[in-house]
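Note on naming: letters A, B, ... go to the chains in the order of the sequence lines (proteins, then strands), and numbering restarts at 1 for each one. Given the structure is predicted, the values throughout are model-derived calculations rather than measurements.
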Amino acid sequence: MQKYLIKDLAKYEGQDVTLMGWASNKRESKGLVFIVLRDGTGWCQCVVSLETVGENLFEEARKVSLESSLTISGKIIKDERQMGGFELQATSVTLIGESIEYPIANKEHGVDFLMDKRHLWLRTQRQWAIMRIRNQIIFAIHKFFQEEGFVQMDAPLFTGNACEGTSNLFETDFYGDTAYLSQSGQLYGEAMAFSLGKIYTFGPTFRAEKSKTRRHLSEFWMIEPEMAFYDIFDNMNLIENFLRYVTTEVLQNCEKELVIIGRDTSILKNISKPFPRLSYDEAVKIIKGEQDVNGKNAITSLEEELKMVQARMQAIKEEILQREEKLKVPGMKKGEIGFNQAQIDKLKQELADCEEQERNIPQWLNSARNFEYGNDFGGSDETVITRLFDVPIMVYNWPHAVKAFYLKRDPADSRFARGVDVLAPEGYGEIVGGGERETDEKLLIEKIKEHELPMEAFEWYLDLRRYGTVPHAGFGLGLERLVTWLCKLPHVRESIPFPRMYGRLLP
RNA sequence: UCCUUCUUAGCUCAGCUGGUUAGAGCACAUGACUGUUAAUCAUGGGGUCCUUGGUUCGAGUCCAAGAGAGGGAGCCA
């Protein structure tokens with residue numbers, strides 16, 4: 001039915017076509033109506049002129065409201081002023097579905113409102129671009145692993161055993177038994193790797209963490225490769241190649257989308273540089289400010305950041321005052337008043353964000369200064385350290401006590417486990433967690449007891465050590481966190497079509 | 001679970017130390033304007049100021065409790 005797509009307009013220059021879509025914007029003056037049509041592949045301005053279409057059709061076009069659906073036929077004309085470079089001069093307009101009082105206006109909205117209207121919010125250009133980048137990332141992930149000889153093999157979503165404790169699992173009824181929604185397919189991944197060699201899972205994951213932060217979701221998509229005959233260093237090489245591949249694909253294929261969301265791609269282009277690999281010991285020194293990175297110190301640069309935030313707040317306050325003074329002067333045009341008002345609203349939102357930061361940074365400074373050797377990194381510690389780098393960093397060899405039971409004890413120093421976390425730059429923090437797996441059955445049993453996990457649930461897992469164990473490793477990538485970083489989003493909730501998070505089940 | 005900020009029109013926000021009928025812009029409706037890209041002009045409709053209780057001659061404004069939301073800690077990808 002749909003023959004002509006907006007993305008292909010260049011092919012149809014000078015021809016008559018019929019476009020089908022939704023009116024994303026409309027402006028009108030006497031004798032002319034401008035409808036910006038979107039069809040999912042792009043946006044195109046359509047001009048309806050009274051002279052060309054006549055009284056009746058013109059009235060129809062005038063009735064078109066925001067997000068009503070319609071069919072427009074007409075000739076494609078080159079017009080450099082337009083996004084995409086073309087516009088359509090309409091010969092006919094047919095309304096398909098009307099749209100009365102569309103709630104999302106062409107202006108700033110609050111998050112709560114937009115989240116309630118997520119099903120409509122997705123229609124905006126920015127969300128369109130993010131979803132296309134998400135799609136490109138997913139495609140690139142599959143391409144990478146398939147080209148590297150991995151087999152996609154998925155783990156079950158209902159599980160009878162808790163991988164790392166039950167406190168953050170969703171409980172459900174499975175024919176009278178308690179089942180949990182999977183929070184990781186990793187243990188199954190190990191079993192699959194011992195059959196197919198190199199595998200990856202790609203599926204949803206559920207965590208009942210009552211977290212309300214910009215990087216947590218209750219339901220998110222995770223990619224978990226697992227490889228037989230890989231040690232932690234092979235694993236780190238793979239992670240680095242993988243992230244570089246996916247990022248490069250996005251840079252190459254999503255140029256237009258990155259422009260729409262205003263992403264500064266210079267940092268993403270650094271992906272070709274090697275990722276720094278820091279041992280836990282080094283990373284702790286950097287967090288505590290005892291060691292500089294590229295001449296930058298974690299503590300002092302955070303203090304500077306705080307000062308910058310405060311200076312910015314002062315500047316915003318002054319600009320708001322200035323604009324408010326301007327508004328008081330009589331005789332300003334109505335349109336200019338509206339523009340200034342919109343600017344003030346925008347500035348106020350930025351001010352609120354700055355105030356938030358002004359409250360948070362001292363807490364982060366405090367926790368960085370008082371970081372206790374041996375602890376796991378908190379969200380703020382990750383932020384503190386990744387601000388110093390312009391590429392992802394890998395932190396490996398963690399104190400075994402703070403990490404999962406299945407990680408391999410470092411043969412060289414038994415205080416450590418061979419885990420690796422990848423932290424994205426620009427303050428985004430952990431996007432990948434992985435490591436080499438423990439192969440020693442006795443050590444595993446010890447760990448399971450130490451974590452007070454039910455031994456009988458892990459019998460099958462221990463079989464993997466009893467029947468031909470080999471060195472193996474793997475990692476888990478949080479898809480939404482990668483999307484969030486690559487798009488530099490302020491919050492993970494924009495990286496998935498319908499986010500599920502603490503306190504959010506609708507729409 | 002804890003800390004912190006917030007809740008006034010469909011949306012984004014004003015509303016000073018409590019004081020007549022609660023304001024603006026956007027959106028919407030009607031009309032005017034031959035080309036607009038969130039900036040043309042006029043007019044108009046639209047509010048249980050989150051809820052409950054208290055202080056007061058008088059509460060959107062002060063106090064208390066509750067509900068909802070934002071951000072952070074813990075936990076994590």
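Whole-Å rounding puts the E209(A) CD to A77(B) P distance at 8 Å. The nearest whole Å value for the distance from the CD atom in E355(A) to the P atom in G72(B) is 15 Å.
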Handout entry: Pairing annotation in dot-bracket form, given for RNA chain B with Watson-Crick or G-U pairs under 3.5 Å and | for cross-strand partners
Key = (((((((..((((.....[...)))).(((((.......))))).....(((((..]....))))))))))))....
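Toward the 5′ end of RNA chain B lies the nearest nucleotide of S367(A), the other residue of the pair V492(A) and S367(A) mapping further downstream. Taking the nucleotide of RNA chain B with the nearest heavy atom to each of V111(A) and L477(A), the more 5' of the two is matched to V111(A).
A donor-acceptor contact shorter than 3.5 Å is absent between the side chain of E436(A) and the backbone of L407(A).
Here the CD atom belonging to Q136(A) is positioned 10.5 Å from the CD1 atom belonging to I141(A), to the nearest 0.5 angstrom.
Counting any heavy atom pair closer than 4.0 Å across all strands shown, D376(A) reaches sugar-phosphate atoms only and no base atom. In this structure, K348(A) reaches the sugar-phosphate backbone alone: every heavy-atom distance under 4.0 Å involves primed, P, OP1 or OP2 atoms, never a base. Within 4.0 Å (heavy atoms only), W364(A) reaches sugar-phosphate atoms of the nucleic acid but no base atom.
Ring-to-base geometry places F220(A) in a stacked arrangement with A77(B) (centre distance under 5.5 Å, plane angle under 30°).
Checking the phosphate oxygens (OP1, OP2) of G70(B), no side-chain nitrogen or oxygen of Q349(A) falls inside 4.0 Å.
By the ring-ring contact (aromatic ring centres under 6.0 Å, His included) test, Y245(A) pairs with F144(A), sequence neighbours left out.
Judged by a 6.0 Å distance limit and a 45° cone about the ring axis, R244(A) is positioned over the six-membered ring of F275(A).
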